[in-house]
Amino acid sequence: MAETNLKALGGLLARQGILVAFVVFMIAFALWNPRFIQIDNVFSVIRSSAILGVMALGVTFVVIGGNLDLSVGSLLSFSAIVVLDLHETPGFGPALAIPAMYAMTMGIGAVIGFLVGYLKLNSLIVTLGMLSAIHGLTLTWSGGQNMDIANQQETWFGIFGRGSALGIPIPVLMFGLLAAILAIILSKTPFGRKVYAVGGNGTAATFSGIPRARVVFLTYIISSFCVATAGLIQASRTMGAQNTVGQGMELEVLAAVILGGASLLGGSGAVFKTVIGVLILGFIQNGLLLAGLQFYVQFVVTWIIIILAVWLDIATKRGKFWSPIA
Amino acid sequence: MKNDNMTHLVKNGAIWGFIVLELIFFQVVGSVWSLSQSAFIDPGNMLLLLKQSAPIGIIAVGMTVIMINGNIDLSVGATYALAGIVMLDSMTWPIFVGLGDWAIPLAWLAALLTGCILGAINGLIVWKTGVDAFIVTLGSMLGFRGLVFMYNGQQPTYHLNWTMVDIAEWGAFGLQTSAFVFIGVAFLVWLMMTRTVHGRNAYAIGNNREAAVNAAIRVGPHIMINFVLIGFLAALSAVAFYSGSGSVNPNDGMLFELWAITAVVLGGTKLAGGAGSIVGTFGGVLAIQLLRKGLGHIGAQTETVNLVIGLILIAVLMLDKQLNRKGQEELKL
Amino acid sequence: MTTDRKPALRLEGIVKTFPGVRALDGVSFEVYPGEVHALMGENGAGKSTLMKVLGGIYQPEEGRIFVDEEEAVMTSPLQAKAKGVMFIHQELSLADELSVAENVYLGELPRKSLGRVDWKTLYERTDAILSRLKVGFTARTIVGDLSIANQQMVEIARALTREARAVIFDEPTASLTDAEKVVLFEVIEGLKAEGVGIVYISHRMEEIFKITDRVSVLRDGSYRGTLNTADTDEDAVTQMMIGRKLDLTRNEEHVELGDVALKVEGLSCHKLFQDVSFEVREGEVLGFYGLVGAGRTEIAETLFGLRTPSAGKMFLKGKEIHIRSPIEAIENGISLVPESRKEQGLVLGMSCRDNITLPQVDDMTAGPFVSDGAEIAIFDLYRDKLEIKTPSSRTAVGSLSGGNQQKIVIGKWLSMRPEVLIVDEPTRGIDVGSKSEIHNLLRDLARQGYAVIVISSEMPEVLRVSDRIVAMHHGKVMRTFTSEDVTEDSLIQAISGIESGRAA
């Protein structure tokens with residue numbers, strides 16, 4: 001029967017679909033334009049994806065734990081503005097500004113984690129509220145002004161965004177390193193196991209003695225740590241930032257995570273898959289640019305890809321292409 | 001008891017109580033600290049409020065219907081921008097130019113049609129693929145925004161037609177066109193949700209989808225109609241706003257979806273669907289705009305508005321959670 | 001029953017298959033106007049599939065349905081309704097934010113021009129139906145404000161919106177009090193008098209014998225026959241349902257008992273249960289028997305830290321303990337195999353191995369990482385001990401059979417080496433073969449010296465595994481039996497609250 005064939009094919013695609021699609025896409029583009037897979041082009045793609053990617057790593061934890069985080073874009077603006085402002089504050093400098101920024105960003109993450117984890121409030125609304133609140137906080141902090149580092153020659157702050165080591169750009173290294181560490185935490189540690197359990201079936205997790213509230217809380221701490229890192233890269237790369245630098249990124253980040261195959265219901269997804277999701281978005285943008293198209297064409301392409309990816313996923317699970325909705 | 005009369009009252013009246021509190025607070029603080037020469041509760045000021053609320057308000061009315069139905073639409077901001085571009089741009093099309101001012105209604109029609117089509121695309125995908133509306137509209141938020149940019153690159157789209165501006169700026173009883181549109185839309189959609197079979201079925205679907213399916217309510221067409229409606233309303237909001245301003249920036253309408261959702265949730269509509277009201281949303285929209293104005297009135301920086309609204313949204317959620325507690329017998333999960 | 005009249009509803013040779021299963025294998029039966037016809041069978045016998053065929057949700061591969069001897073093809077719930085076949089579902093299917101009237105006419109609200117609802121007609125018609133049912137609320141009441149019993153009445157009102165030829169009641173009394181049941185039975189009598197055919201699905205024998213005229217029995221998807229209720233008795237029906245005589249063997253094995261593992265004194269939790277005292281020793285199985293809603297599960301949840309008791313004390317091995325969360329319960333050696341396997345027991349998307357080690361994943365480590373070796377050791381041990389059949393330890397637990405899933409949950413808690421193991425409904429939704437395996441397993445645990453508490457709604461199960469049985473009724477302990485002095489009748493009397501005996 002057609003349905004069983006679909007299921008068999010779907011089984012393969014569901015497991016490795018996103019990877020298969022990625023490889024096909026890369027090969028097709030490389031054949032069309034060999035410049036696409038040259039090492040400097042690849043690095044430039046990863047570097048430009050690094051900020052989005054680092055944020056997506058953290059959101060992966062939140063989503064697998066069964067929640068959403070719409071506040072990461074706002075929080076990115078906050079961390080970039082704060083680190084730049086502190087950097088310019090006399091007596092601070094990068095060595096103090098960076099840890100202070102991490103502490104504040106993660107403090108906000110802790111508030112969200114408390115509200116969603118311990119008070120069990122709906123994460124969509126809480127983070128929607130925080131999106132607005134953090135934006136207000138950022139504007140209040142900056143007084144509505146953009147932030148710049150006045151004397152860019154005399155600071156080592158630019159290293160996170162502009163530096164490179166062993167021929168690899170630092171943002172790429174940070175993204176890779178963080179991805180590796182978080183992938184290990186998620187797939188190999190007891191904590192990672194608990195994140196899957198809490199997102200997969202929170203009630204059963206509670207009945208198994210898993211401290212559900214604490215696990216959810218920690219996913220938001222991880223998410224805010226990632227945002228702080230992304231904010232550092234952002235601020236360092238441009239040595240300045242607008243109040244709205246992260247605006248709208250929360251949904252792009254979510255798109256990358258979903259493209260990586262995580263379910264919004266929680267309990268499924270992986271760091272590795274999210275990285276693939278981020279890279280797909282990055283390479284599509286790059287490929288379209290190389291093809292001479294404007295950057296915004298990627299929005300439309302991303303739209304189609306997201307819908308197709310999620311549709312294929314659920315179609316294989318239910319064994320029918322079309323939904324049974326009457 | 002879950003459905004105490006008291007709880008009903010608190011829930012339905014909360015937003016209006018909040019508005020009254022806001023009014024008193026800003027009036028008192030404004031005059032006591034003499035931060036402002038003018039009274040806050042001034043008829044002209046209050047009427048202006050409606051005009052300023054209109055763009056988000058019209059969209060929030062549509063969002064209420066979508067959310068009562070159990071879905072969500074994140075793409076309204078992009079729909080708003082695209083409809084605005086189509087309206088202004090169409091007036092420069094050769095066939096329209098020759099019509100003089102008769103091009104105006106046709107341009108409006110083109111914009112509204114655009115909104116309906118974009119809404120229909122969302123609705124059709126949600127219906128036919130069964131993908132969650134959150135994901136579908138998250139995708140189309142990006143996709144529609146891409147279409148906005150593809151239309152005119154990163155350039156703003158201008159077209160100023162003075163007749164159209166006059167229509168937009170027309171006023172009576174101190175209210176301007178967009179305020180009338182907002183009030184009219186809210187009233188008509190309120191009628192739809194409370195009086196028509198479609199409206200009642202939308203509640204039933206959001207409230208208990210399985211029951212609706214068992215009762216042979218066709219869920220798909222209702223979802224479809226509501227997505228077309230919100231697309232139409234997003235376009236109508238653009239028509240009301242851009243007729244006066246005459247210029248669309250491709251980034252316009254960003255975050256509108258989040259503002260609209262905030263207003264709807266403040267107005268008491270349940271995220272899970274099935275409960276909520278247009279009247280509540282109307283209050284939610286006013287409350288937000290009042291807060292904006294009020295903070296300006298007492299000399300607070302406009303930036304604090306976002307902070308305050310975000311915190312209020314979370315506070316409302318906490319209050320709602322508290323009201324819905326089942327007491328000490330509850331299972332601790 | 002009169003046979004010269006036309007049946008109101010007749011099924012003929014209904015066959016419905018699902019991949020790998022013949023869910024209905026040529027089922028036929030008929031219900032006459034004015035007759036109450038019971039449909040009985042164990043879980044999985046095919047009752048709910050049959051109802052879905054009747055309701056137009058499933059289409060049968062073979063067989064025909066007749067309403068008033070006219071063939072009716074049901075392809076949607078609406079069509080079934082149009083033919084006069086009405087359903088009162090076991091699980092309430094109401095929109096609780098809407099009014100009673102809107103729920104009663106859900107999907108077919110009367111219309112005026114412009115798609116407007118004709119409220120006047122709607123309220124009039126609904127109030128007319130409600131007055132037939134003699135209920136104390138009106139068409140305008142919001143359904144969410146009604147008690148469960150009254151919500152059930154709304155469901156019933158829904159079945160009366162059209163001229164019904166046949167009304168199907170699916171476990172209608174599951175959540176009703178005795179007084180509410182009386183009202184329901186009056187409604188059924190009323191329908192009967194109007195010449196409606198009634199299909200009555202229930203597990204409760206006393207109701208079957210009280211209100212039905214005939215009983216038809218399904219087993220394993222096929223029709224096993226019809227009996228006149230007046231000419232038969234419970235044993236005969238039961239035997240037909242399970243294909244053999246009901247096994248009411250009592251547990252006769254007695255392990256030498258050890259110390260008192262858990263002692264509970266005067267435990268109460270608000271309105272859920274009051275003043276519950278008992279003790280369970282090592283090597284003993286203590287059964288809790290009672291109807292659904294008697295407070296048994298709530299006691300287990302309180303012992304496991306999921307509810308806060310309002311009074312009472314708990315002693316573990318003679319030491320008083322205060323348990324505020326499952327984590328503390330587990331630390332104290334109390335484990336709970338919960339009532340609902342899929343919702344509370346397992347993370348269905350995770351593997352068998354990960355589910356078994358979930359409560360102790362913190363200890364399954366080598367350095368900071370989860371150690372495959374430690375997990376496999378635990379998994380293999382319990383797979384062999386409990387004879388869990390799974391293709392591999394990596395298989396998603398959701399793809400196993402109910403019996404094997406239950407063994408995974410039991411294995412999960414045995415691997416924690418608990419002082420007290422509480423098992424709530426150990427064999428719900430499990431096939432007959434696996435049932436007896438689980439019963440043997442529970443006895444085996446007692447033999448190994450575990451203190452076991454078994455909560456069950458099935459009398460044969462409680463009798464089979466328990467050394468002592470606590471009978472509960474409306475949140476109170478009525479009596480505690482030993483396996484020597486327990487009799488079926490005394491047990492049933494105790495859980496029904498003494499004064500009401502068995503209906504004949």
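Scope of the values below: all heavy atoms of this structure, side chains included, with no hydrogens, waters or symmetry mates. Chain A is the first sequence line, chain B the second, and so forth, proteins listed ahead of strands; every chain is numbered from 1.
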Would you say that more than 12 heavy atoms from the other residues, nucleotides or ligands in this model lie under 6.0 Å from the CZ of A:R214, or not? no
Best-contacting candidate, C:L306, C:T365, C:L336, against chain A by heavy atom pairs under 4.5 angstrom: C:L306
Less than 4.5 Å to any heavy atom of chain C: does that hold for the side chain of A:T206, its backbone, both, or neither? both
Nearest-0.5 Å distance that lies between atom CZ in A:F207 and atom CD in C:E343: 10.0 Å
Interatomic distance, C:S351 atom OG to A:Y196 atom OH [nearest 0.5 angstrom]: 12.0 Å
When you measure from the side chain of A:N201 to the backbone of C:K342, do you find a donor-acceptor pair of N or O atoms at a distance under 3.5 Å? yes
Rounded distance [0.5 Å steps], OG1 in A:T189 versus CG in C:D362: 9.5 Å
Result of checking C:L358, C:V409, C:I330, C:V361 against A:S208 for side-chain contact (heavy atoms from CB on, under 4.5 Å): C:L358
Once you round to the nearest 0.5 Å, how far does CZ of A:R212 lie from CD1 of C:I327? 12.0 Å
To check you understand the geometry: which heavy-atom pair defines the closest contact between A:P190 and C:P368, and what is its length? CD-O, 3.6 Å
Side chain / backbone / both / neither for C:T357 at chain A, heavy atoms under 4.5 Å: side chain
Is C:Q344 close to chain A through its backbone or its side chain, or both, or neither, when contacts mean heavy atoms under 4.5 Å? both
Selection from C:L348, C:V370, C:D372 maximising heavy-atom pairs under 4.5 Å formed with chain A: C:V370
